[in-house]
Amino acid sequence: MSFKNLKQQAALIFANEKATAEIKMEQICELLRNEVPYYDWVGFYFANHDAKTLHLGAYAGEETDHTVIPFGKGICGQVAVSNENFVVPDVKAQDNYIACSITVKAEIVVPIFKNGVNIGQIDIDSNTADPFSKEDEVFLQWICEGVAKIC
Ligand code: SME
């Protein structure tokens, strides 16, 4: 697995004129979960700015009860408010955290901006402790830019 190679595969998914945005996002989730050994759950949440809630869209991995998350709640909800990447090397060290599975040790959330507005985010859970580097952040920002273009 290299991020360079993954970008090439993701670019093909984004460019497919026959697929809907929803299908492309599902394929991106599957690609990332299958190819990055420490990505165990990959999903997209999208913001409803009136209700101040995040809503689960495409995802790959175990089903989650957390399909709607209020702004400010959990790692995802905090990113809806902060507009900044949130890298959590150890979820146990976080007070404001929503546990989806007892196997999860770390999490990364990167916001998606369209025309300067935070419209959602990619959320990744890992069963490996402290697995994320700057490279993950840069790669996931690139993925989020791609998603913004197809939304
Ligand atoms: N852990 C997240 C909730 C979403 S699940 O990881 C799918 C959070 O604290 O916001």
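We count ligands from 1, going down the list as the structure has it; atoms in each ligand are counted the same way. What's counted below: heavy atoms across the whole structure, side chains too, no hydrogens, waters or symmetry copies.
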- Find out whether Phe14 and Ile28 are in side-chain contact, i.e. whether some heavy atom of one side chain is under 4.5 Å from a heavy atom of the other. yes
- Message: Return the CD1 to CG distance between Ile75 and Asp123, rounded to the nearest 0.5 Å.
- Response: 9.0 Å
Write 'none' if nothing qualifies; otherwise put on separate lines each N/O atom of ligand 1 with a protein N/O atom under 3.5 Å away and their distance to 0.1 Å.
from     : atom 1 : to     : atom 2 : distance (Å)
ligand 1 : 1 (N)  : Ile98  : O      : 2.7
ligand 1 : 1 (N)  : Glu107 : OE1    : 2.8
ligand 1 : 1 (N)  : Glu107 : OE2    : 3.3
ligand 1 : 6 (O)  : Asp123 : OD2    : 3.3
ligand 1 : 6 (O)  : Asp125 : OD1    : 3.2
ligand 1 : 6 (O)  : Asp125 : OD2    : 2.9
ligand 1 : 9 (O)  : Ile75  : N      : 2.9
ligand 1 : 9 (O)  : Ile98  : N      : 2.9
ligand 1 : 10 (O) : Ile75  : N      : 2.9
ligand 1 : 10 (O) : Cys76  : N      : 2.8

- Message: Using a 3.5 Å distance criterion without hydrogens, assess whether the side chain of His66 forms a donor-acceptor pair with backbone atoms of Ala99.
- Response: yes
- Task: Check whether more than 12 heavy atoms from other residues, nucleotides or ligands sit under 6.0 Å from atom CD of Glu63, and answer yes or no.
- Result: no
- Side chain Asn96, main chain Gly72, donor-acceptor under 3.5 Å: yes
- The salt bridge (Lys or Arg N to Asp or Glu O under 4.0 Å) partners of Glu84 (sequence neighbours excluded) come to none
